[in-house]
Amino acid sequence: MPRRNRRRAWGSIDSVIPNKKYVLRWMENTPDGRRRRCETFYGTYREADLRLAQIRIERAADKPVPTIGEAYKTWYLPELERRVSDGQASKNTLSQYTHIWKKVIEPRWSRVPVDSTRALDIQEWLLTLSRGNANQAIRILRKIMDVCVRYELAESNKFREVFDMPKKQSRERSRDVYTLKEAADVFGTLHGKATEAAFILSCFGSCRTGESLGVKVAELERRETDGLVFALAPITRQMERTGDFPTGTLKTKSSKRTIIVPPPYSLRLLEIADERRAEGIEWMTHRGDGLPMTTRQLRHEWNTENEMSIPFANCRNSWRTFAEFEWNVDATTLELLMGHRLPGVSGSHYLRPTIDQLYETFSSQYAEYFFGLRQS
């Protein structure tokens with residue numbers, strides 16, 4: 001009577017011809033993931049059992065080893081979600097990283113055990129990617145494997161090796177910025193157009209693209225110093241590429257701030273706020289039905305309306321450049337108005353100016369530029 005298959009702690013022995021031919025099966029960690037292996041063995045059942053025991057000694061792990069996909073779901077993703085909920089990372093970062101995992105990393109590495117990565121395989125894979133995807137993917141994989149090394153699931157982090165990265169693609173995002181004169185010319189051409197308010201908030205107030213779309217009409221504040229009218233707006237939310245309303249999560253904790261728009265751009269921004277208020281519209285930049293415009297819609301409108309087009313995101317770079325080199329506002333004030341954390345111990349622990357202090361500094365330095373310009 002043929003011997004029945006037995007349940008085993010590791011592997012299995014299937015009888016083909018009793019005491020003559022058996023098929024040994026087991027799961028094995030390989031550089032390509034966990035793979036089912038089999039071996040045809042000729043001999044008695046006892047000999048087949050001894051052979052399977054030998055294979056286990058040679059190839060089995062002493063303890064179960066998770067795959068990179070399991071490590072991602074068990075440790076990396078929950079930690080990233082926690083950082084978003086704590087305000088240490090933005091929802092956009094979460095969306096971007098999960099997208100890279102699903103589209104770039106998962107197809108190649110999800111089923112690979114964490115102790116079976118090889119530097120050669122990593123290098124070959126990286127060179128098949130675009131430079132941007134390769135940089136983001138290797139950053140994520142390094143963090144996943146750091147956890148595995150910490151928990152002694154892998155001896156070393158092969159993704160921490162130095163690799164040759166893909167060459168930069170010939171087409172890169174423009175780094176062009178507006179001079180103050182060019183920005184003023186664009187300001188004149190956008191009068192009454194859909195992107196006008198967002199442009200003013202970004203190019204003359206330091207907003208990131210999404211931040212410029214999250215400002216409400218009721219939040220604008222008018223302040224006057226030395227006969228000059230400034231517009232202040234709190235930055236507490238940002239729009240994403242899609243969705244009807246902005247998220248309250250900004251890029252970093254320090255991104256939550258109040259911006260200051262100087263004249264003459266402030267006067268037009270306050271005028272737009274009055275127009276929106278009269279129309280019963282809540283948001284400074286809307287898509288036509290009163291709801292705020294998404295970043296995708298903004299970029300489309302921006303390229304349609306603006307003949308002197310640079311990427312909208314570069315308007316913030318433009319502000320940072322001409323605010324220091326043409327308005328002569330000091331760099332520390334500008335960095336704080338951008339929502340940047342200042343370097344060093346003083347920046348991290350001591351310098352905590354109020355918005356009133358920043359306003360006094362900015363408005364006085366801008367006034368020197370403004371009145372000096374009129375006198376010349």
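Values reported hereafter were calculated over all heavy atoms of this structure, with side chains retained and with hydrogens, waters and symmetry mates removed.
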Around atom CG of Asp164, are there more than 12 heavy atoms from other residues, nucleotides or ligands closer than 6.0 Å? no
Are there more than 12 heavy atoms of other residues, nucleotides or ligands under 6.0 Å from atom NZ of Lys103? no
N/O donor-acceptor pair under 3.5 Å between [X] side chain and [Y] backbone:
| X | Y | answer |
| --- | --- | --- |
| Thr128 | Trp125 | yes |
| Glu161 | Lys158 | no |
| Thr294 | Gln297 | yes |
| Asn303 | Arg299 | yes |
| Ser202 | Cys315 | no |
| Glu368 | Gln365 | no |
| Arg25 | Ser12 | no |

Arg320/Glu335 ion pair, N-O < 4.0 Å: yes
Ion pair present between Asp289 and Arg287, side-chain N to carboxylate O less than 4.0 angstrom? yes
Does the structure place the NZ or CZ of Arg268 under 6.0 Å from the centre of the six-membered ring of Phe187, at an angle of no more than 45° from the ring's axis? no
If you measure only the distance, is there a donor-acceptor pair under 3.5 Å linking the side chains of Ser318 and Thr321? no
Minimum heavy-atom distance [X]-[Y], with the two atoms named:
| X | Y | answer |
| --- | --- | --- |
| Ala119 | Phe163 | O-CE2, 3.5 Å |
| Glu219 | Gly214 | OE1-O, 4.3 Å |
| Gly43 | Tyr22 | O-CE1, 3.3 Å |

